[in-house]
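Read the numbers this way: they start at 1 and go in the same order the structure lists the ligands and their atoms. Both backbone and side-chain heavy atoms feed into the values below; hydrogens, waters and symmetry mates do not.
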Amino acid sequence: MKTKQDKGAAGLVAKDYAWEHRDLLGIEGLSADDVRFLLKTAEGFEGVSTRSVKKVPALRGKVVVNLFFEDSTRTRASFSLAASRLSADVLDFSGKGSSTSKGETLRDTARTIEAMGVDAIVCRHHLSGAAVQLAQSVDCSVINAGDGQHAHPTQALLDAYTIAQRKGLRDSYDFTGMTVAIVGDIAHSRVARSNIRCLKKLGAEVLLVGPPTLVPGTFREMGCEITHSLDEALTRADVVNMLRVQFERLDSQAFASKREYAALYGLTSARLKQGKKGLLVMHPGPMNRGLEIESSVADGPQSTVLEQVTNGLAVRMATLFLTTGASAK
Ligand code: CP
């Protein structure tokens, strides 16, 4: 029997829960139950990476293609390893050096790859909406690994997973009463947009922090509060997620100088002392050390930076497992 009611995370692992998404294009396409179910499913894959034989047969016989038109270290390697650990055949395909340089469209590239018998395409693209367009062009699963400024859903899911792990909330994945501050270049950030959607679905309050040039008031429409003072945010937040300043996406000078940005919005160990006890420090990476985050903080005990990377594997294994329909067999 299929069920769509909000039964809480414990109920969501029941065998009768039906995952009904072929694609993962953005958090907006998921219900709170879907998010909790995916995170609970990820828990089941966590142990695979610590075994001596780091493989399970869940996707044996399936083919996963990584189609990356934009640079990536974490997401690309993570999806590649996640697919391998599920025993899928994996093809890593880069936009650079492909026939896209000869004018082939994204649709034609995707349909060409799909014609080789592919079960899932994991796509990163510099254009917002690319993953949605791709999903409309093919019949296999499409997973958005980051498209322009639009969405980076698996980053938001692995961030939520890490918060729940550190805060002891895995029983419920209920973030009610928690305040998460997202700091920095919100305007250009797909990580911020997906995190806001995911955190709000799980019940958290989201506080956006940064200079007015990088935190437009329109983000209030997503249910967020805005402050331009990191010091104020640190007195209220349970989690602070420091975003990279995306110089490659800035089309005008958004702040006077790097020195001024670091002084106002950089997370230093001196600033961290103002925060609540147990404040978690997150960063999706790659980091501009010394700009948005001081090395002593990035590498310190409150930082979850490397845990986020580790957890990304389990979350991406769950994503591939659910979207390709392997869980239904
Ligand atoms: N966090 C993240 O998406 O990093 P990459 O660009 O290295 O994949």
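- In this structure, a donor-acceptor pair under 3.5 Å is present between the side chains of E294 and S269.
- Side-chain contact of R193 with H152: a donor-acceptor pair under 3.5 Å is absent, judged by distance alone.
- Between E70 and R190, at least one side-chain N (NZ, or NE/NH1/NH2) sits under 4.0 Å from a carboxylate O, which counts as a salt bridge.
- Considering only heavy atoms from C-beta on, N66 stays 4.5 Å or farther from L91 through its side chain.
- Counting the atoms of ligand 1 from 1 in the order shown, those under 4.0 Å from a heavy atom of T75 are 2 (C), 3 (O), 4 (O), 5 (P), 8 (O).
- Which parts of ligand 1 touch T73 is read off a 4.0 Å heavy-atom cut-off, strictly below it: atoms 5 (P), 7 (O), 8 (O).
- Among protein heavy atoms, atom 4 (O) of ligand 1 sits closest to R74 NE, 3.0 Å.
- In terms of protein heavy-atom proximity, atom 1 (N) of ligand 1 is closest to P284 O, 2.9 Å.
- Surrounding CD of E205 are at most 12 heavy atoms belonging to other residues, nucleotides or ligands under 6.0 Å away.
- Protein heavy atom closest to atom 6 (O) of ligand 1, with residue, atom name and distance, is R124 NH1, 2.8 Å.
- Note on ligand 1: G285 sits in its first shell, one or more heavy atoms being nearer than 4.0 Å.
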